[in-house]
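Chain letters run A, B, ... following the sequence lines, proteins first, then strands; residues in each count from 1.
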Protein chains: 2
Amino acid sequence: MVLFAGQGDPHRSMSLLWRKEGSAGPRSAPGPKPALSVDAIVDAGIAVADAEGMAALSMRAVGERLGRTAMALYTYVPSKSELVDLMYDHALAELPTDYDLAPGWRAAVTSWAEDTWEFYLRHPWVLQVSQARPVLGPNEYGALETVVRLLYATELPSAALRRIVGTLFHFVRGSAQTVAEARLAAAATGVSDEEWWQSRSTVLGEVVPDFSDRFPLVIRLETEGVAHHGTDGANDTDSSAPYDDSVPYLEREAKTTFEVGLAVILDGIEATIHKAG
Amino acid sequence: MVLFAGQGDPHRSMSLLWRKEGSAGPRSAPGPKPALSVDAIVDAGIAVADAEGMAALSMRAVGERLGRTAMALYTYVPSKSELVDLMYDHALAELPTDYDLAPGWRAAVTSWAEDTWEFYLRHPWVLQVSQARPVLGPNEYGALETVVRLLYATELPSAALRRIVGTLFHFVRGSAQTVAEARLAAAATGVSDEEWWQSRSTVLGEVVPDFSDRFPLVIRLETEGVAHHGTDGANDTDSSAPYDDSVPYLEREAKTTFEVGLAVILDGIEATIHKAG
DNA sequence: TGCAACTCCTTACGGCATAAAGTAACCTCG
DNA sequence: CGAGGTTACTTTATGCCGTAAGGAGTTGCA
């Protein structure tokens with residue numbers, strides 16, 4: 001299920017998102033001193049989501065991590081969905097903002113895309129926050145400001161850039177999501193991608209004996225020019241590059257797909273510039 | 001939450017996915033005659049998901065639509081996640097497969113992308129099925145075979161095409177997701193995109209008075225060259241094209257983003273061809 | 001000193017997927 | 001033709017979830 005942003009009272013949501021740290025005047029209010037804080041809850045939420053995924057993020061789990069009950073959180077945060085918004089914007093603060101445009105916009109955008117990709121893999125749950133109703137927090141705007149600055153160096157008009165920004169985000173999110181979900185699935189089910197693929201493709205061959213007649217191009221796409229390491233009958237003796245066993249095969253494939261796809265998109269942007277110029 | 005494919009017994013899953021319609025021999029088994037069928041359940045599931053979204057898809061809801069309890073479904077389908085897999089592959093059968101390559105691969109891929117985009121908007125819940133562990137059903141392979149056929153017309157090597165296929169899918173899914181989630185959010189919350197944006201941006205201006213100093217390029221990106229129709233103070237008197245009020249502004253923006261982004265990617269593919277050739 | 005405000009807790013409700021066990025329908029074999 | 005095993009479907013129950021409601025204890029100010 002996708003989580004929607006911004007359902008509660010807009011003013012309270014925005015105040016929470018943009019709350020400033022410096023404004024901690026000498027507290028003077030009746031009632032027991034609060035032992036928790038919005039920040040502590042947001043941090044605990046991120047810790048839970050990083051460690052066990054968005055599916056394991058429950059108010060009970062976050063409360064437990066802080067030694068409280070689930071209901072204690074509602075003093076600080078209006079609802080779970082607002083907590084997720086706060087977690088999202090807080091995590092986004094990790095993204096770098098200071099890219100050097102001197103080597104050209106293409107290098108800068110490439111660095112940005114790679115940093116963003118790595119960020120998504122550090123916090124895969126971020127990919128499950130809906131983009132339809134943006135959170136509108138400081139760090140979301142900060143991240144947007146960062147890419148936009150790099151892209152204005154192309155000297156393309158704003159109307160074209162609005163579309164290109166969207167395309168880049170869709171692409172980075174989409175490719176990162178593939179890897180993130182693969183890891184999540186592996187962790188959640190205890191079955192690695194390789195094991196999963198092996199058992200499935202074996203069964204597929206049994207259940208669908210005429211597979212290669214029905215989908216010849218899929219077969220060709222998946223086998224031609226593959227430097228592989230066993231598990232599906234391809235040659236595993238002559239792989240040329242030193243083989244890094246720490247990263248699973250499918251994940252390295254996904255990273256390459258990301259790099260090649262990014263290059264294709266950047267080529268397309270350059271073509272747009274030449275057409276406009 | 002994202003739903004993972006393929007957790008149960010692989011053989012049972014595959015048999016369900018690839019089950020053939022013709023094999024209905026004269027039934028001869030003890031026990032009451034089954035009133036339901038896998039197909040009826042899958043259709044009911046799709047009906048629920050189309051009408052009320054993936055979040056409303058519960059075993060109870062599907063059973064209710066068939067006049068049964070939730071538990072009745074478990075005779076036919078091993079679990080909810082397997083039901084979603086079956087729904088996914090069944091829905092994919094709607095996608096066209098017979099694109100004409102005579103006008104060139106670019107036109108064919110453009111048609112494919114637009115048909116796929118429209119398919120996702122007809123069945124937005126499809127976008128919430130994880131891509132990490134593919135369902136491996138007949139229609140998923142059919143859809144893949146279709147794109148791959150179009151792309152082999154570029155005469156690029158398989159290794160390059162593997163990446164390009166992924167890039168295209170990420171892009172189409174990502175852009176469709178924006179619109180799909182926006183509609184879903186509007187339906188779920190009862191607040192239209194325009195209303196939502198209006199109230200949020202008003203509050204944003206109050207809570208963050210120095211917004212335009214902190215994010216000048218975001219402001220520039222969002223205001224420059226916008227042909228708008230009210231709601232945010234832009235000029236709404238001189239829009240040139242006949243205005244179609246039946247489609248919300250943000251959705252038309254998203255469609256344009258899709259078209260421009262697709263053109264950028266296709267330009268990138270052409271650049272790759274010229275480099276390789 | 002009391003009261004109002006505040007934090008945090010316990011309890012409870014209706015939802016979810018699904019395990020377990022019960023009931024009734026039906027075919028086949030004796 | 002009737003008993004027994006198999007099957008379709010139901011009821012009930014378990015342990016999750018978000019969160020509403022109300023209560024208990026702590027604190028600052030009048």
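- At the phosphate of dC9(C), OP1 or OP2 sits under 4.0 Å from a side-chain N or O atom of T69(A).
- Toward the 5′ end of DNA chain D lies the nearest nucleotide of A72(B), the other residue of the pair A56(A) and A72(B) mapping further downstream.
- Partners of R122(A) under the salt bridge (Lys or Arg N to Asp or Glu O under 4.0 Å) rule, at least two apart in sequence or in another chain, are E94(A).
- By the side-chain contact (heavy atoms from CB on, under 4.5 Å) test, D213(B) is found to be paired with D210(B), residues two or more places apart in sequence or in another chain being considered.
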Produce the list of close N/O pairs, under 3.5 Å, pairing protein atoms with atoms of nucleotides 22-26 of chain C; give distances to one decimal.
unit_1: dC26(C); atom_1: O4'; unit_2: G31(B); atom_2: O; d: 3.4
unit_1: dC26(C); atom_1: O2; unit_2: G31(B); atom_2: N; d: 3.0

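- The interatomic distance linking L73(B) (CG) with dT18(C) (P) rounds to 11 Å, in whole Å.
- Residues H123(B) and D50(B) bring a donor and an acceptor atom of their side chains to less than 3.5 Å of each other.
- The CE atom of M54(A) sits 12 Å away from the P atom of dG18(D) (whole-angstrom rounding).
- If you measure from atom CG of L83(A) to atom P of dC17(D), you get 14 Å, rounded to the nearest angstrom.
- Between M71(A) atom CE and dA24(D) atom C1' there is a gap of 15 Å when expressed in whole angstrom units.
- Using a cut-off of 4.0 Å between Lys/Arg side-chain N and Asp/Glu carboxylate O, D193(A) and R200(A) are scored as not salt-bridged.
- In this structure, E82(B) atom CD and dA17(C) atom C1' are separated by 14 Å, rounded to whole Å.
- Classification of the F215(B)-Y141(A) ring pair by plane angle, with boundaries at 30° and 60°, yields tilted.
- With sequence neighbours excluded, the residues satisfying salt bridge (Lys or Arg N to Asp or Glu O under 4.0 Å) with R183(A) are E251(A).
- Side-chain atoms of H170(B) and T178(A) form a donor-acceptor pair, as typed in the model, at a separation below 3.5 Å.
- Residues from residues 58-67 of chain A lying near DNA chain D, meaning a heavy-atom separation below 4.0 Å, are S58(A), M59(A), R60(A) in numerical order.
- Between the NZ atom of K80(B) and the P atom of dA19(C) there is a distance of 15 Å, rounded to whole Å.
- Contact between the side-chain N/O atoms of Y76(B) and the OP1/OP2 oxygens of dC9(D) is found at a separation under 4.0 Å.
- For S79(B), the side-chain atoms get nearest to dT18(C) when compared with the rest of dT7(C), dT18(C), dC9(D).
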| Should D39(B) and R19(B) be marked as a salt bridge (charged side-chain N to carboxylate O under 4.0 Å, His left out) after you check the CA-CA gap, both sets of side-chain angles, and the distance that decides it? | CA-CA 10 Å; D39(B) 283 310; R19(B) 88 205 109 99; 2.9 Å; yes

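- Partners of E114(A) under the side chain to side chain donor-acceptor pair (under 3.5 Å) rule, at least two apart in sequence or in another chain, do not exist in this structure.
- Distance Y74(B) OH to dT12(D) C1': 15 Å, rounded to the nearest Å.
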